[in-house]
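Worksheet: one structure, shown below.
Since this is a predicted model, take the numbers as computed values, not measurements. Chain letters run A, B, ... following the sequence lines, proteins first and then strands; every chain starts at 1.
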Amino acid sequence: MGASQPAPADTTTPAARVVTRFAPSPTGFLHIGGARTALFNLLFARHHGGEFRLRIEDTDRARSTDAAIAAILDGMTWLGLDWDGEVVYQFARAARHAEVAHQLLAAGHAYRCYATPAELEALREAQRAAKQPMRYDGRWRDRTDWPNDQPYVIRLKAPREGQVTIEDRVQGPVTVANAELDDMVLLRSDGTPTYMLAVVVDDHDMGVTHVIRGDDHLNNAFRQLALIRAMGWQEPVYAHIPLIHGSDGAKLSKRHGALGVDAYRDEMGLLPEAVENYLLRLGWGHGDDEIISRAQATEWFDLAGVGRGPARFDMKKLESVNGHYLRSSDDARLVTLIAPRLAAALGRALGAADQDILQRSMAELKKRASNLNDLASGALFYLRSRPIPMDDAAAKLLASAGPDLVLAARDALAAAGDWTAAALEAEARRLAEARQWKLGQVAQPLRAAVTGAAQSPGLFDVLATLGREESLGRIDDALGTMTREGATA
RNA sequence: GGUCCCUUCGUCUAGCGGUCUAGGACGUCGCCCUUUCACGGCGAAAACACGGGUUCGAUUCCCGUAGGGAUCACCA
C-alpha cells in the first residue's frame, strides 16, 4: 500500500477550498453508518467544488487487517464514493505524529507522564468507588524529577480553566468546561501515536477544512481542539451527524443491519444507487423529495438539512427504494446482475438463448421484484428444463382444474395461428366463452403448468416468450402427471 | 454515575411564531385496474413526549420533567 506523505499545510490562512475526509479504521467491513458518513462528506465536498479524501486509520496494528482495507475500498467503489487523491494510511505517518508530540513537549504544551498502567487503573478504581468522574489527575503535569530508564507517555497539557465552545454545523453550539477534560495521551510509552494525536495531525496535514463524522466523536472534538490550539493550527469546521440506530432504537448492531455494504449487494441484492438514495434520506431531507439522483444530491446537499436526532434503519423502506431503482433500471444491466444467481440456482452457466429470454422478459419481471434475489427467483422458471418443478399452490391449481380442462386449453392454444401473446389470449378467451368459464379458470391452471407457480408475469406474454414448443411441452408434462396420478388414485 | 446531545404519524421526514382542520414517503388497511402476482391509480387510519413560561398567538423561542442516545483507555 503506497502511503502518501502530504506536506504540512499552511498553518495560518484558512483554506479557501473545502476539503473533507472519510477516515475509517480497517477493523471490519465498511458498514452502513460509515457509508453514510462517507456519502455526506463526498456530497458536501462536491457541492462546494472541493476535495473528498480517504484516510485509513490503521494505527491499531493488532486489529487492522488488509482484508478489511480491501473491503472498505471495495464498498466505497461499489457505492461510487469516489475519493480524490491517494489513500492516506495513518500508520505510515507515525514518525510525523511523534514529531508533533515532541514539538509540543519542547514548547511546554505537553509533558512526560511516568504513571504506570497499574497506577492509572488504581486511580480509576478509586474514582469509580468515590463516584467521581474518571479522569487522569495530572500528577505528572508539573514534575520534572523524571526517573531514568523508565517508560513514559507524552500527555497534552490541556487548559484547566474556562470552557470551550464548538460551533457545530449540525448540533449547534456545544460548550464543555475544560475542567471536564483531562490531559490525554499523545504518544504511548512505546513511542506510537494515539488516535487523538494522529487524527489531528493528519487532518491538518491533509488540509481538511470540514470534519464531518458520527456524533460519537463529538466529545473527542473538544480534546482535539485543545491539541489544535496548542499547535496554533487552523481549526476545522465540525459537523457531527447522529448515528444510525436499529429498528428498536438501540445502536445499530449486527442484528439489525450493521452489515458490510457487500452484504447489501451480495446477500440482499440491492442496487448501489438505491442504497445511496436511502442513506441520503436517512437523517437528511430536502422538502418532500424522496428519489434523488447523485447530481441532484450534489446540488442540494447541505449540513443545515441534516437532522439532529438519530434515525432508525428501516429495511422495508430501503427495499422500496430499491424496487424503484430496479424498475427504472436498464434491462440488460439487470440480466447481467442476476445471471450469477441464476447460474448458481440452475447449476449451469447461462447461454445466449437464456440471456435472450431474460432480456425479453425483464420489463415484466422487474415490476415484480424489489431486489435482485427476488428478481432472479422470479425469472428462474423461464430457464428451467422440462419437466419443471411445481410448487404446492401450482399443483393444487392443476388438481382442482382437472385434466379435461387443461387438455381443452392446451388444444385451444395449439390451434392459434400465430404464437403471439395477442393470438393466444384470443384463443383462450374464445374457449372460456364457449364453455361459460371465466378467463381465470383457464389461465390459472395453464400458468401453473407453464411456470410451476400460481403467480407470474402475464400468462400470454410468458407463453409467447417461451415459444410454442416449450410451452406445449410443459403443458403436456403437467397433463402427463395429472392423468398418471388420476389413474393411481 | 459525570459530561454532552437528541425528542413531529409504527419508521424516514416537511415545518424554521400566525399559511397546521400539521404535508410527503415507507409500512398498514380499503377500493380501482386485472387471467394470478406485481406495477400503476384513488382513498383511509396514523404524530407535534409531558409540564411550565415568553408572546396578541406556539409544532416552531426559553426552562424544567420524562424518555432515548453518545462518551468517559497508553482502542479507534
Within 6.0 Å of CD in Glu433(A), more than 12 heavy atoms from elsewhere: no
Please give, in whole Å, the distance from [N] [atom2] to [X] [atom1]?
{"X": "Phe381(A)", "N": "rU36(B)", "atom1": "CZ", "atom2": "P", "answer": "16 Å"}
{"X": "Leu197(A)", "N": "rA73(B)", "atom1": "CG", "atom2": "P", "answer": "17 Å"}
{"X": "Glu125(A)", "N": "rG1(B)", "atom1": "CD", "atom2": "C1'", "answer": "14 Å"}
{"X": "Leu282(A)", "N": "rC12(B)", "atom1": "CG", "atom2": "P", "answer": "8 Å"}
{"X": "Gln444(A)", "N": "rU35(B)", "atom1": "CD", "atom2": "P", "answer": "11 Å"}
{"X": "Met362(A)", "N": "rC39(B)", "atom1": "CE", "atom2": "C1'", "answer": "15 Å"}
{"X": "Asn219(A)", "N": "rU3(B)", "atom1": "CG", "atom2": "P", "answer": "12 Å"}
{"X": "Lys317(A)", "N": "rG24(B)", "atom1": "NZ", "atom2": "P", "answer": "13 Å"}

Regarding [X], tell me which of base, sugar-phosphate or nothing describes its non-hydrogen contacts under 4.0 Å with the strands shown.
{"X": "Gly458(A)", "result": "base"}
{"X": "Phe222(A)", "result": "nothing"}
{"X": "Arg281(A)", "result": "base"}
{"X": "Val153(A)", "result": "base"}
{"X": "Gln171(A)", "result": "sugar-phosphate"}
{"X": "Pro457(A)", "result": "base"}
{"X": "Ser456(A)", "result": "base"}
{"X": "Thr175(A)", "result": "sugar-phosphate"}
{"X": "His286(A)", "result": "nothing"}
{"X": "Met196(A)", "result": "base"}
{"X": "Ala454(A)", "result": "base"}

Looking at [X], does any N or O in its side chain come under 4.0 Å of the phosphate oxygens OP1/OP2 on [N]?
{"X": "Arg327(A)", "N": "rG40(B)", "answer": "yes"}
{"X": "Arg368(A)", "N": "rC37(B)", "answer": "no"}
{"X": "Arg135(A)", "N": "rG2(B)", "answer": "no"}
{"X": "Thr59(A)", "N": "rA76(B)", "answer": "yes"}
{"X": "Arg429(A)", "N": "rU35(B)", "answer": "yes"}
{"X": "Arg308(A)", "N": "rG68(B)", "answer": "no"}

[options]: which one has an atom nearest the side-chain heavy atoms of [X]?
{"X": "Asp288(A)", "options": "rC74(B), rG23(B), rU35(B)", "answer": "rG23(B)"}
{"X": "Met134(A)", "options": "rC74(B), rG27(B), rA73(B)", "answer": "rA73(B)"}
{"X": "Asp314(A)", "options": "rU11(B), rC4(B), rA73(B)", "answer": "rU11(B)"}
{"X": "Thr194(A)", "options": "rU35(B), rG27(B), rA76(B)", "answer": "rA76(B)"}
{"X": "Glu290(A)", "options": "rC74(B), rA76(B), rA25(B)", "answer": "rA25(B)"}
{"X": "Ser25(A)", "options": "rA76(B), rA14(B), rC74(B)", "answer": "rA76(B)"}
{"X": "Arg447(A)", "options": "rU35(B), rA76(B), rC26(B)", "answer": "rU35(B)"}

In whole Å, measure the gap between the [atom1] atoms of [N] and [M] for me.
{"N": "rC63(B)", "M": "rC26(B)", "atom1": "C1'", "answer": "36 Å"}
{"N": "rG1(B)", "M": "rC50(B)", "atom1": "P", "answer": "25 Å"}
{"N": "rU8(B)", "M": "rA22(B)", "atom1": "C1'", "answer": "8 Å"}
{"N": "rG53(B)", "M": "rA47(B)", "atom1": "C1'", "answer": "24 Å"}
{"N": "rU13(B)", "M": "rU7(B)", "atom1": "P", "answer": "11 Å"}
{"N": "rC20(B)", "M": "rG15(B)", "atom1": "P", "answer": "15 Å"}
{"N": "rC9(B)", "M": "rC48(B)", "atom1": "C1'", "answer": "10 Å"}
{"N": "rA14(B)", "M": "rG23(B)", "atom1": "P", "answer": "15 Å"}

Using purine N1 to pyrimidine N3 plus N6-O4 or O6-N4 for Watson-Crick, or N1-O2 and O6-N3 for G-U wobble, each under 3.5 Å, what pairs with [N]?
{"N": "rA25(B)", "answer": "rU11(B)"}
{"N": "rA49(B)", "answer": "rU65(B)"}
{"N": "rC16(B)", "answer": "none"}
{"N": "rA70(B)", "answer": "rU3(B)"}
{"N": "rC39(B)", "answer": "none"}

Between Tyr111(A) and Asp183(A), a side-chain donor and acceptor under 3.5 Å: yes
Leu187(A) or Gly287(A), whichever maps to the more 5' nucleotide of RNA chain B: Gly287(A)
Position toward the 5' end of RNA chain B (nearest nucleotide), Glu180(A) or Leu439(A): Glu180(A)
Side-chain donor/acceptor contact of Ser189(A) with base of rC74(B) under 3.5 Å: yes
Check whether the ring centres of [X] and [Y] lie less than 6.0 Å apart, and answer yes or no.
{"X": "Phe313(A)", "Y": "His245(A)", "result": "no"}
{"X": "Trp284(A)", "Y": "Phe301(A)", "result": "yes"}
{"X": "His31(A)", "Y": "Phe29(A)", "result": "no"}

Ser400(A) (side chain) donor-acceptor with Leu397(A) (main chain) under 3.5 angstrom: yes
Residues Asp289(A) and Arg281(A) bridged, charged N to O under 4.0 Å: no
Asp288(A): partners by side chain to side chain contact (heavy atoms under 4.5 Å, CB included), with sequence neighbours left out: none
Cation-aromatic face contact Arg112(A)/Trp146(A), 6.0 Å, 45 degrees: yes
Leu463(A) and Leu466(A), any side-chain heavy atoms less than 4.5 Å apart: no
